[in-house]
Amino acid sequence: RHGSEAIQPWVAYSDRLREEDEQRIALTRELRQAIAENQFELHFQPKVDLATGTLIACEALIRWNHPTRGLVSPGVFIPIAEQSQLIAPIGEWVLRRACQHLREWRDAGLQPVRVAVNVSVVQFQMGDFAGQVRAVLEECGVAPQELALEVTESVFEQESNVLLAQMCELRDMGVWLSLDDFGTGYSSLLYLQRYPFDEIKIDQGFVFHMLDAPFNRNIIEAVMMLARALNAEVIAEGIESDEVVQALLAIGCRSGQGYFYSMPLEAEDFCWLLEQRSLLPLGRH
Ligand code: C2E
Ligand code: MG
Ligand code: MG
Ligand code: MG
């Protein structure tokens with residue numbers, strides 16, 4: 001009522017905490033409903049050969065079409081799903097839906113590319129994840145070589161032989177393993193060489209700022225040397241300009257992903273890319 005009545009900071013703070021709690025509780029409840037009512041879909045973002053603009057693979061990204069809130073970002077609801085164990089049914093849905101899409105594309109006469117699915121470390125801790133992957137691949141009639149799994153460096157946080165054994169089992173099956181957001185987490189070189197990654201994804205942060213400061217570019221070069229030592233491939237994510245493409249090519253990085261080429265696309269639009277195979281930007285031939 002009066003401008004002079006200042007809100008006590010601790011009141012504002014506890015109000016905010018309560019609001020966050022309420023939001024989390026509401027979202028958890030709504031996530032349960034979303035699973036039951038199948039409010040999710042997958043979008044696909046191309047992975048591109050930077051030198052030729054050719055489509056080489058894609059990443060499946062979950063989208064939640066909330067009946068009243070609209071599109072809720074996975075950055076918001078995946079952490080909540082991880083805290084509430086709901087990541088188990090959601091993760092299994094993502095895996096199965098991605099494999100179904102692969103199967104549908106093949107049945108439609110398209111030549112699919114490898115689809116990468118993001119996997120939360122929690123999924124590995126909930127039992128026989130490798131077995132689940134094997135079962136879903138068989139159920140959908142998809143070869144392990146057509147599937148990639150992206151995990152972040154948080155896999156290294158708890159030294160777990162169970163987790164490592166599952167990753168080795170997946171790798172032995174022929175599933176491609178990709179280390180996501182590399183450079184943002186806790187990575188020991190010892191772990192890196194112990195885990196069977198096929199690909200390292202350089203985190204967007206380094207790529208966004210590649211041209212601002214030599215530091216970021218030097219880090220990317222260092223990651224590429226590391227990947228070579230580990231016999232893994234490198235892909236840069238978060239490419240938003242042709243200048244960054246050129247800078248990446250100049251240091252020998254040949255694969256990338258980002259809005260410069262394409263936003264994540266609805267399955268229907270992605271089919272069009274599967275036919276085209278090319279993402280060469282306008283003006284460069
Ligand atoms: P991520 O796996 O590192 O995925 C990359 C994120 O960056 C995606 O956001 C993508 O849309 C966005 N992105 C791609 N290119 C660009 C670019 O050029 N510029 C910018 N600014 N952003 C770009 P999205 O789809 O919102 O996903 C956020 C995160 O949520 C993902 O990060 C991943 O950690 C998680 N996530 C998404 N889908 C799933 C899923 O099915 N399961 C699990 N466990 N996590 C998922
Ligand atoms: Mg990812
Ligand atoms: Mg990433
Ligand atoms: Mg991420």
Side-chain angles (χ1 to χ4, degrees), residues 31 34-35 39-48 50 57-66 70-101 114-126 129 132-133 136 147-155 176-185 187 197-211 220 223 234-245 248 255-267 269-270 279 281:
L31 263 181
I35 296 164
Q39 293 167 3
F40 302 111
E41 68 179 88
L42 293 182
H43 285 192
F44 298 89
Q45 187 178 39
K47 297 186 179 186
V48 181
L50 302 180
C58 69
E59 176 175 8
L61 293 155
I62 192 169
R63 297 290 176 260
W64 179 12
N65 298 303
H66 191 285
L71 214 64
V72 184
S73 159
V76 171
F77 73 82
I78 290 292
I80 292 174
E82 286 173 349
Q83 286 162 24
S84 59
Q85 311 288 302
L86 291 175
I87 194 66
I90 294 174
E92 189 173 354
W93 181 87
V94 171
L95 183 66
R96 178 170 289 107
R97 192 70 193 99
C99 291
Q100 287 169 347
H101 276 296
R114 182 186 284 128
V115 176
V117 165
N118 291 284
V119 175
S120 159
V121 181
V122 184
Q123 289 172 261
F124 279 99
Q125 295 160 337
M126 290 180 133
F129 179 66
Q132 178 185 106
V133 172
V136 170
L147 180 69
L149 300 175
E150 296 193 2
V151 294
T152 64
E153 284 165 284
S154 52
V155 288
W176 179 270
L177 298 180
S178 182
L179 183 56
D180 206 352
D181 303 343
F182 185 73
T184 58
S187 271
F197 285 105
D198 299 284
E199 176 185 87
I200 293 177
K201 294 188 83 171
I202 298 171
D203 186 67
Q204 305 189 335
F206 301 112
V207 180
F208 290 153
H209 300 294
M210 190 177 178
L211 304 172
I220 295 175
V223 173
V234 171
I235 181 162
E237 58 177 332
I239 299 176
E240 294 188 350
S241 72
D242 199 20
E243 288 71 35
V244 168
V245 175
L248 286 166
S255 308
Q257 182 181 350
Y259 294 168
F260 175 67
Y261 290 102
S262 171
M263 302 275 292
L265 302 171
E266 290 183 23
D269 296 328
F270 187 73
L279 287 109

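We count ligands from 1, going down the list as the structure has it; atoms in each ligand are counted the same way.
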Trainee: Can you see which heavy atom on L42 is nearest to which on A98, and at what distance?
Mentor: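 Closest pair (atom of L42, atom of A98, distance): CD1-N, 3.5 Å.
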Trainee: Hey, is there an N, O or S on D203 sitting under 2.8 Å from the Mg ion (ligand 3)?
Mentor: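 Looking at D203, which is the residue asked about, there is no N, O or S atom under 2.8 Å from the Mg ion (ligand 3).
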Trainee: How wide is the angle at the Mg ion (ligand 2) between OE2 of E59 and OD1 of N118, to the nearest 10°?
Mentor: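 Once rounded, the angle between the two atoms at the Mg ion (ligand 2) is 90°.
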Trainee: Counting only heavy atoms, which portion of V117 has something under 4.0 Å from ligand 1: side chain, backbone, both, or neither?
Mentor: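 Looking at V117 and ligand 1, no heavy atom falls under 4.0 Å.
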Trainee: Test of understanding: given a 4.0 Å heavy-atom threshold, classify the contact between Q257 and ligand 1 as side chain, backbone, both, or neither.
Mentor: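 Near ligand 1, Q257 shows nothing, with every heavy atom at 4.0 Å or more.
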Trainee: Using 0.5 Å steps for rounding, measure from the CH2 atom of W93 to the CD1 atom of I87.
Mentor: 12.0 Å
Trainee: Purely on distance, is any nitrogen or oxygen of Q123 under 3.5 Å from one on ligand 1?
Mentor: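 The answer is no, given that Q123 and ligand 1 share no N or O pair closer than 3.5 Å.
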Trainee: For the Mg ion (ligand 2), which N, O or S atom of D180 is at the shortest distance?
Mentor: OD2
Trainee: Geometry only, no angles: is Q204 polar-contacting ligand 1 at N/O separations under 3.5 Å?
Mentor: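 Among all N and O atoms of Q204, at least one is under 3.5 Å from an N or O of ligand 1.
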Trainee: Specify side chain, backbone, both or neither for F208, according to which of its non-hydrogen atoms lie closer than 4.0 Å to ligand 1.
Mentor: side chain
Trainee: Looking at the Mg ion (ligand 3), which N/O/S atom of D181 is the nearest one?
Mentor: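 Restricting D181 to its N, O and S atoms, the minimum distance to the Mg ion (ligand 3) goes to OD1.
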Trainee: Can you find an N/O atom of I62 closer than 3.5 Å to an N/O atom of ligand 1?
Mentor: yes
Trainee: Record the part of N118 in heavy-atom contact with ligand 1 below 4.0 Å; permitted values are side chain, backbone, both and neither.
Mentor: both
Trainee: Residues two or more places apart in sequence or in another chain: which of them pass salt bridge (charged side-chain N to carboxylate O under 4.0 Å, His left out) with E92?
Mentor: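 Per chain and number, E92 pairs via salt bridge (charged side-chain N to carboxylate O under 4.0 Å, His left out) with R96.
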Trainee: Would a distance-only check, ignoring hydrogens and angles, find a side-chain to backbone donor-acceptor pair under 3.5 Å from E153 to T184?
Mentor: yes
Trainee: Just heavy atoms, cut-off under 4.0 Å: does E59 contact ligand 1 by side chain, backbone, both, or neither?
Mentor: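 The answer is the side chain of E59.
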Trainee: With the Mg ion (ligand 2) as the point of reference, which N/O/S atom of E150 is the closest?
Mentor: OE1
Trainee: At under 4.0 Å between heavy atoms, is it the side chain or the backbone of D181 that contacts ligand 1, or both, or neither?
Mentor: side chain
Trainee: Taking the six-membered ring for Trp, are F44 and H101 closer than 6.0 Å centroid to centroid?
Mentor: yes
Trainee: Taking just the N, O or S atoms of E237, which one is nearest to the Mg ion (ligand 3)?
Mentor: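 Result for E237 and the Mg ion (ligand 3): OE2.
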